[in-house]
Amino acid sequence: MITIEKIRTRAERVRVHFLGVRGSTPAPGKEFLRYGGHTSCLALSHDDEASPTLLLDAGTGIRRCSALMDGRAFEGTIVLSHLHWDHLHGLPFFTGGDREDARVDVVIPDQQDDLTPEATLARGMSPPHFPISPQELRGKWTFASLDAGTTSLERFDVTALEIPHKGGRTFGYRVSDAHSTLTYMPDHCPTILGPGPDGWGEYHRDALELARGADVLVHDAFLVAEELAGEGFFGHAAAEYAVELARRGDVGRCVLFHHKPDRTDDALDEVLARFGDVPHVTPATESLVLQL
Ligand SMILES: [Zn+2]
Ligand SMILES: [Zn+2]
């Protein structure tokens, strides 16, 4: 006998559109066409929904989300991993959300200070830094903060855990529906906790807990191993760490993400070639769509 739960589980799948895959700053130009130049943004949809309802980060890639919605207004939640520019700068340019009939709930890591989430965002998004403040976006926008733990957002269970990065509180997220799990750790600096067993940083408890058994791990691959010594202070991980974390966490697929902005298509091909014999390592590109 097939239970209703099984039918529901089979029917509910998740689509993940990679809308922006760069770190730090957009990377336009012909050398960046295959992997793409927009900064971090993922769009998640339940398969029974026409449009994405959960966005992870609001880098410039969020501008591409409007095209997925076929003229409809966004009705959903944007979860930010942290507040660095490359994860936030697309927010006021999200035309699917900045319209009178939209509903946009923005969730940020709790900053453990006295400011409201809206006031925190307005520090970077208000005159003289930007023409408007968050409350001037059109439609019904709300702003909330999140602490570590699990909460339900847009029919996804979203688990947040703090992970080391540089400058500001940063969360990694584990997003699950009844069927599948995606782990999102776009900016992660495990070397802050020590060199770990292979010099690429500690495989610490929270990283392993977020990654464990996930279908997909989307992870910071800003650096490669030999760059850690000179550039590790920027607050990022090496691609080698991401692949090894996925192996230790028994992850189905490791997606290398948050590419360095000056890493051209050819240079990224060379990074990927390092893992040619490792199954289930995938580079994030702006054309990548995963069905989980
Ligand atoms: Zn970043
Ligand atoms: Zn960052």
Side-chain angles (χ1 to χ4, degrees), residues 16 18-28 32 35-43 55-65 78-94 106-113 117 120-121 123-125 129 145-146 148 160-173 175 182-193 200-201 204 206-207 210 217-224 227-228 231-239 241-242 245 254-263 268 271 283-286 288:
V16 184
F18 286 71
L19 302 177
V21 302
R22 288 281 158 185
S24 297
T25 174
F32 305 94
Y35 288 90
H38 280 298
T39 61
S40 303
C41 183
L42 265 58
L55 304 186
L56 301 178
D57 282 331
T60 61
I62 200 172
R63 291 179 53 227
R64 302 179 62 228
C65 186
I78 303 173
V79 180
L80 301 180
S81 61
H82 62 310
L83 304 179
H84 290 169
W85 289 347
D86 51 325
H87 300 257
L88 191 53
H89 256 179
L91 194 70
F93 302 102
F94 178 28
V106 180
V107 178
I108 70 172
D110 189 282
Q111 297 300 298
Q112 301 176 318
D113 58 20
T120 298
L121 290 169
R123 288 172 64 190
M125 181 182 162
H129 306 289
S145 60
L146 189 70
L161 290 177
E162 189 168 351
I163 55 174
H165 183 40
K166 183 171 182 175
R169 201 170 187 217
T170 299
F171 281 167
Y173 291 108
V175 183
L182 175 140
T183 297
Y184 181 68
M185 303 169 72
D187 294 50
H188 182 202
C189 188
T191 50
I192 286 175
L193 301 177
W200 306 329
H204 57 94
D206 290 340
L210 287 165
L217 168 66
V218 180
H219 194 280
D220 190 346
F222 193 85
L223 300 173
V224 292
E227 293 171 339
L228 281 171
E231 301 176 58
F233 67 93
F234 288 138
H236 294 292
Y241 176 92
L245 177 64
C254 177
V255 178
L256 302 179
F257 188 74
H258 199 270
H259 307 306
K260 206 176 188 180
D262 57 0
R263 195 95 71 195
L268 276 169
V271 172
T285 70
E286 284 182 14
L288 182 61

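For ligands, and for the atoms within them, numbers begin at 1 and follow the listed sequence. Bear in mind that the values here come from a model prediction, so they are computed numbers and not experimental data. The residues of the chain are indexed from 1 along the displayed sequence.
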K.L.:
Looking only at N, O or S atoms, find the one in H87 nearest to the Zn ion (ligand 1) and name it.
P.N.:
NE2
K.L.:
Ring centroid separation for H188 and Y241, is it under 6.0 angstrom?
P.N.:
yes
K.L.:
Side chains of L83 and L121, heavy atoms from C-beta outward: is any pair under 4.5 Å?
P.N.:
yes
K.L.:
Are D187 and H87 linked by a side-chain donor-acceptor pair shorter than 3.5 Å?
P.N.:
yes
K.L.:
Report yes or no: does H236 have an N/O/S atom closer than 2.8 Å to the Zn ion (ligand 1)?
P.N.:
no
K.L.:
Would you say the Zn ion (ligand 2) has H82 as a near neighbour, meaning an N/O/S atom of that residue under 2.8 Å away?
P.N.:
yes
K.L.:
Find, among atoms of D187 that are N, O or S, the one nearest to the Zn ion (ligand 2), and state its name.
P.N.:
OD2
K.L.:
Taking it one step at a time, do F234 and K166 satisfy side-chain contact (heavy atoms from CB on, under 4.5 Å)?
P.N.:
CA-CA 7 Å; F234 288 138; K166 183 171 182 175; 5.9 Å; no
K.L.:
Quiz question: by atom type and distance under 3.5 Å, do the side chains of H38 and T60 form a donor-acceptor pair?
P.N.:
yes
K.L.:
I'd like the atom name of the N/O/S atom in H165 lying closest to the Zn ion (ligand 2).
P.N.:
NE2
K.L.:
Of the backbone and side-chain N, O or S atoms of D86, does one lie nearer to the Zn ion (ligand 1) than 2.8 Å?
P.N.:
yes
K.L.:
N/O/S of H84 less than 2.8 Å from the Zn ion (ligand 1)?
P.N.:
no
K.L.:
Please name the residue in the list L55, I62, V218, V255 that meets the side-chain contact (heavy atoms from CB on, under 4.5 Å) test with L42.
P.N.:
V218
